[in-house]
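Structure, as structure tokens:
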Amino acid sequence: MRTLFLAGNWKMNTNSVSSINLAAGLVRELAEIQNVRIAVCPPFVYLQSVSASLCGSQIELGAQNVYFQKNGAFTGEISCEMLIDCGCTYVIIGHSERRHILGETDELINLKIRAAAAAGLKPIFCVGELLEERDKGQTFDVVERQIRKGLDGISPEQAAAVTIAYEPVWAIGTGRNATPQQAQEVHECIRRLITEMYGSETAGNLTIQYGGSAKPANTAELLAEPDVDGLLVGGASLKVEDFAAMVKTAAAIKK
Ligand code: PGA
């Protein structure tokens, strides 16, 4: 039995006031929710204040990125230990904006996943193909390469703490979500790959989120798919009513 998991990726949005209002609004709206795992991932600089706003609620905190070294002369970077110190349980690693805008490689992403796993932070590991890769029929090859390289050296015990987020790059921030069937097809392949890598128990327990223009209107149909275990939500996570509506929809789904 996998518990549905919805995470809000706030990206480079909000400010010191609106981040707290957003967190407080979600705490209020979602106080009665059961059986859904919920997390929000604010910008680094608001982690501590959002953590304070979430205190006592079931909503967990995640960061959007991390560096793999523990400490030292790495100007501008943030370590796993710092994130844990600020109250984080999760960290998004390998988001397509970091891969494609900031130039992160599979190798760097692997170092980050290893560091997070060793520190006890739960990675939300993002994978997904570009539109031209999908058009050339390379979707599964791309996702398989990203997963094999990203999880290189990760033990079965560490893999159990990883969430994989399938986020087709052409669906992110475009308003054009993958159809539930397109998402299911890739999620099924991911679970098969994890079965091959780690066995059926780890694969059966693995949470695979879909991300890319997920919103209240498509939440139910995406989550109805057998291998879609949650959503990583960008734009729609910035409005209390939208993200809360998505979580409530998830809470009403029986799988
Ligand atoms: P979006 O972003 O929901 O705005 O498409 C999703 C993501 O990048 O995680």
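Quantities reported herein were computed from a predicted structural model and do not represent experimental measurements. All residue numbers refer to positions in the sequence shown, counting from 1. In listed order, ligands and their atoms are each counted from 1.
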Pick from R176, Q64, H95, E97: the one approaching atom 8 (O) of ligand 1 most closely through a non-hydrogen atom: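 Looking at heavy atoms only, H95 sits closest to atom 8 (O) of ligand 1.
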Heavy-atom nearest option to atom 5 (O) of ligand 1, drawn from G173, A165, G175, G234: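 Result: the heavy atom closest to atom 5 (O) of ligand 1 is in G173.
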Mark yes or no for whether Y90, through its side chain, and I92, through its backbone, hold a donor-acceptor pair below 3.5 Å.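 Pair absent, no side-chain N/O of Y90 close to backbone of I92.
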Is R148 reaching over with its side chain to a backbone N or O of M197, donor-acceptor style, under 3.5 angstrom? no
Taking 4.0 Å as the limit for heavy-atom contacts, which would you say applies to I172 with ligand 1: side chain only, backbone only, both, or neither? both
Using a 4.0 Å heavy-atom threshold (strictly under), name the region of A171 that reaches ligand 1: side chain, backbone, both or neither.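 Contact part for A171 vs ligand 1: backbone (N, CA, C, O).
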Who's the nearest protein heavy-atom neighbour of atom 4 (O) of ligand 1, and how far?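 Going atom by atom, the protein heavy atom closest to atom 4 (O) of ligand 1 ends up being G235 N, 2.8 Å.
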For atom 2 (O) of ligand 1, grab the closest protein heavy atom and report residue, atom and distance to one decimal in Å.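 Here the nearest protein heavy atom works out to K11 NZ, 3.2 Å.
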Tell me whether Q58 at atom CD has more than 12 heavy atoms from other residues, nucleotides or ligands lying less than 6.0 Å away. yes
Take atom NZ of K11 as the centre, draw a 6.0 Å sphere, and report whether it contains more than 12 heavy atoms from other residues, nucleotides or ligands.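 Result for NZ/K11: enclosed.
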Walk me through whether C88 and L121 qualify under side-chain contact (heavy atoms from CB on, under 4.5 Å). CA-CA 8 Å; C88 289; L121 266 179; 4.1 Å; yes
N9: numbered ligand 1 atoms lying under 4.0 Å from its heavy atoms: 9 (O)
Electrostatic pair E196:R192 at N-O distance under 4.0 angstrom: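 No, no charged N to carboxylate O under 4.0 Å.
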Side-chain heavy atoms of E77 within contact of M82, under 4.5 Å: no
Test your reading of the structure: does E167 have an N or O sitting under 3.5 Å from an N or O of ligand 1? yes
If you measure from each heavy atom of G212 to ligand 1, is any distance below 4.0 Å?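 Yes, G212 has heavy atoms under 4.0 Å from ligand 1.
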Decide whether the shortest distance between a heavy atom of G211 and an atom of ligand 1 is less than 4.0 Å. no
